[in-house]
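Start at 1 and go down the list; that is how both ligands and their atoms are numbered.
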Amino acid sequence: MTTSWNYPDQATQDELKKIASAIVAPGKGILAADESVATMGKRLADIGVENTEENRRKYRQLLLTTDKSLADNISGVIFFHETVYQKADDGTPFPELLNKKGIIPGIKVDTGVVPLFGSNNECTTQGLDDLAKRCAQYKKDGCHFAKWRCVLKISPNTPSIQSLIENANVLARYASICQANRIVPIVEPEILPDGDHDILTCQKTTETVLSYVYKALADHNVFLEGTLLKPNMVTAGQACPNKATPEQVAEATVTAFQRRVPAAVPGVTFLSGGQSEEEATVNLNAINKFPGKKPWTLTFSYGRALQASVLRAWQGKDENVQAGQQELLKRAKANGEASMGKYVAGSVEGKAGDAGLFIKNHAY
Ligand code: 5MM
């Protein structure tokens, strides 16, 4: 066994740390707008809009041309490949729109979830083969952080050892390749909320998954200060008759992280995982109010819980662009407050309100 390894050089460490800490600056979080073409198709279908490249561009333009005050609460936006190379009506490249506001462009670099042969209907995530090349290009094109999502499932026999090892390793290899290219990796091991399990089962599973993930990151000599974690909150399963209170979610989530997330990690940026917009905000607020050791910033990297009201307000119509942008500003501000434990439940009303955003087996 060797005990010799190399950290990134000092300049790379400094750059990675700087990017990661800017993303988790106080009161700020991430807008996850990295829906792949198929996922965006589902979002657009919900509002009766056709899934064309131009409609996806128009929708992303709405998000990215929102008033510069968006930067008060949004530090980074995760793009899908196509979006990095799209332009606004006036010809401004989308990453440039963000730079002008002081928001950091990021990029989803996994190429999707695929079945894990031999497992119990579990999956892994692909995209490693040409990742170094793509990261080098994305860095040149202005993306300074990345995201890779793995999916784990709770059932009596899952997550299996096969899935725990495979998903942890693929996340670690991805993180290592990103750092080699001066890109901060967001490590996303999402445990799906599907099932009737109770909150304790989710807590134990989250602890197990995180222990595999951080062991693999250590094995790959990933520089933790230049990473972020994007986990699920610890909740009861969607079909569990006993829904946990925000305080119970907060206790279970922070306890799991205290046990399994090293203090060197600068921040945790939660996914919303099918919670309603209000629920995701209230739970984040409770997590931040929970008394106890919290050596990391605890904030948001929401997809559905930042965009559900925006889509409803927009409806694909040019005359509704401003209404959509107002919804984005409201939700960003609410989550910014929640990231500091200062959100008052019910104080921000959105078009999607309390509507659940759960999608069964959200693995794609
Ligand atoms: C925004 O949705 C992201 C892209 O999903 P696909 O690659 O499956 O199209 C997704 O990875 C998202 O960033 C996370 O799941 C968090 O989003 P939610 O909606 O759970 O906050």
- Query: Between F270 and F257, does the ring centre distance come in under 6.0 Å?
  - Reply: yes
- Message: For atom 12 (C) of ligand 1, tell me which residue out of K147, E35, M40 has the closest non-hydrogen atom.
- Response: K147
- Which one of K230, Q275, E190 has a non-hydrogen atom at the shortest distance from atom 16 (C) of ligand 1? K230
- The answer for which part of R304 has a heavy atom under 4.0 Å from ligand 1 is both
- Task: Could you tell me whether R182 and D9 make a salt bridge, using a distance below 4.0 angstrom between a side-chain N and a carboxylate O?
- Result: no
- Message: Taking 4.0 angstrom as the limit and counting only heavy atoms of S36, give me the atoms of ligand 1 inside it, by number and element.
- Response: 6 (P), 7 (O), 9 (O)
- Note on the structure: The atoms of ligand 1 lying under 4.0 Å from a heavy atom of T39, numbered in the order shown, are 6 (P), 8 (O), 9 (O)
- K18 bridged to E15 by N-O distance under 4.0 Å: no
- Can an N or O of G303 be found at a distance shorter than 3.5 Å from an N or O of ligand 1? yes
- Sub-4.0 Å atoms of ligand 1 with respect to non-hydrogen atoms of E188: 14 (C), 15 (O), 16 (C)
- Could you tell me whether K100 and E96 make a salt bridge, using a distance below 4.0 angstrom between a side-chain N and a carboxylate O? no
- Message: With a 3.5 Å distance limit and no angle check, can you tell me whether S301 reaches the backbone of T269 through a side-chain donor-acceptor pair?
- Response: no
- Could you tell me whether K351 and E327 make a salt bridge, using a distance below 4.0 angstrom between a side-chain N and a carboxylate O? no
- Item | Per-atom contacts of ligand 1 with K108, taking only distances under 4.0 Å to non-hydrogen atoms | 4 (C), 5 (O), 6 (P), 7 (O)
- Message: I need the atoms of ligand 1 closer than 4.0 Å to a non-hydrogen atom of S272, numbered in the order shown.
- Response: 18 (P), 19 (O), 20 (O), 21 (O)
- Query: Between the side chains of Q307 and Y59, is a donor N or O closer than 3.5 angstrom to an acceptor N or O?
  - Reply: yes
- Message: Would G273 count as a contact residue for ligand 1, given that I'm defining contact as a non-hydrogen atom of the residue lying under 4.0 Å from a ligand atom?
- Response: yes
- Task: Please could you name the atoms of ligand 1 that Y302 approaches to less than 4.0 Å, counting only its heavy atoms?
- Result: 21 (O)
- Distance-only polar pair, side chains of E277 and S309, donor-acceptor under 3.5 Å: yes
- Please identify which atoms of ligand 1 are closer than 4.0 Å to at least one heavy atom of A32. 1 (C), 13 (O)
